[in-house]
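Naming convention: chains lettered A, B, ... in sequence-line order (proteins, then strands); numbering from 1 in each chain. Keep in mind that this is a model prediction, so the values were computed, not measured.
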Amino acid sequence: MARPLRIWPVLVTFVAAIAIGITPLPESVQLLRPPLAAMVLIYWVLMWPERIGLLTAFALGIVIDILHGQLLGQNALALSVVTYITLRFHLQIRIFPLWQMTMTVLALLTMIASLQFVVEGIGGFGTMGLGRWPQVIVGTVLWPPVMALLDRVRQQSETPSSTF
Amino acid sequence: MALNTVDREPGYFRDASPGLQVLLLCIVAIILMVLDHRNEYLSGVRKSLSVLLYPVELMVSAPFDLSRAVADSVATRGELQAQNTRLREQALVRDARLQRMAALEGENARLRALLDSTAKVGEDMLIAEIVSVDMNPFRNLIVVNRGGQDGVFVGQPVIDADGVVGQITRDRHYTAEAMLITDVDHAIPVEIARNRLRTIAVGSGELDRLNLPFLPGNADVEEGDLLITSGLGGKFPPGYPVATVREIRSVTGQPFLDIDATPVAALNRMREVLLIKPQDDPAPAEPATNDASDSEPAEEAA
């Protein structure tokens, strides 16, 4: 279990995902922007649960809330809950074949979207109905390539003394 | 290297079971949301965190700013000359209009003096650029590159060269968030320029559409009517153009008309906006004069 990793490459992937989350896009494709930050979080929780856990999820959620001008805690709540579930089942999910893992990610992203939907509904903001679905679908479709990329990052950042 | 080991410092939070941890975090998140819902309680926290995250925004917007700068600097002489001619013509036209403005303002001040009401002075403007970052795709929010350190405050009206853009909703010290008039949570008091019929324009969530849901079926409104700010509510100064009426639908059996309007400001193309600074704190006097001067048309309309 103890696979020493360097923390900096992991941080870089998080910052990149957050940055892509606020990069200006044409209005027509804005609704298709994948929730990359959540996907990166799910990946690192699966692969490095000793370091990337609930506190990371909460902090990431707060950062996203501020950058997106949303209610403070909205993403933090959703990401914490999803991280808990991922942590709980990470040993099973990790050995899933790719298609099963992708389906799991679909379920997790759906859960994030639903939690935000509920919060916005209770908060009395305009919920966008099914507006979040395209993002979830795009995120799921992009999971295999994103995971391949992050696997590469992980292999690069494992220290030589690793016994994995 | 200590960083690379999985050993962690012991702590109460880390030692708790994951279930308890997530429960605690959820409670904290819910408390945060409840407090943040009443905007003012967490504005300090939000502001300091925003300042910490400012570099991320800078990093994202830098390439876009750079590409603009490059495009500006490699513009050909011909393009620049054409642009220069166009701008000079525009300036000429506007100067000509301003000459009349001065005369009208003087006349307005004299008439107001006769009526013994306080004169409304012109506003100061602060030019701000839009930071190239996207916010929540479901909301119509923008980030401008001026914040509390430049005197920007929450509720400050934002306009562009053509009309009203929105208002500042959050101060981030170096930058500020503004809500556009088309946001689903935004409503702006307007009047029809032609007959001073007052109503409220509500955002639709789409950048090119405002809704006027509160005009009765017999209201005097026509397609193409210009809507200007009425000054009621005290947030927006009166007289700025907001939108033009695009489509009027009257639904049989419904007491109110369903009216769409197109914002006159270029909400999806603008790069610079103007933040209006009120002068000399006219706050106490202004609502009173508004009430006095606007009460008659209201009765006529009703």
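- Nearest heavy atom pair, residue R46(B) against residue L72(A), reads NH2-N, 3.4 Å.
- The greatest number of non-hydrogen atom pairs below 4.5 Å with chain B, out of I64(A), T83(A), L25(A), is found for L25(A).
- Heavy-atom contacts from other residues, nucleotides or ligands closer than 6.0 Å to CZ of R269(B) number 12 or fewer.
- Interface remark: R88(A) contributes no atoms to any contact with chain B (heavy atom separation under 4.5 Å).
- The two residues P24(A) and F64(B) have their closest heavy-atom pair at CD-CE1, 3.4 Å.
- When all heavy atoms of L141(B) and G69(A) are compared, the closest pair comes out as CD1-O, 4.1 Å.
- Looking at N75(A), neither its backbone nor its side chain comes within 4.5 Å of chain B, counting heavy atoms on both sides.
- Counted within 6.0 Å of CZ on F256(B), heavy atoms from surrounding residues, nucleotides or ligands total more than 12; the atom is thus considered enclosed.
- When each of L49(B), I31(B), D183(B) is checked for heavy-atom pairs under 4.5 Å with chain A, L49(B) comes out on top.
- Contact detail for V119(A) and M33(B): the closest heavy-atom pair is CG1-SD, 3.4 Å.
- The greatest number of non-hydrogen atom pairs below 4.5 Å with chain B, out of V15(A), L87(A), V63(A), I62(A), is found for V63(A).
- The two atoms that bring L25(B) and F58(A) nearest to each other are O-CE1, 3.5 Å, heavy atoms only.
- Contact detail for L54(A) and P18(B): the closest heavy-atom pair is CD1-O, 3.9 Å.
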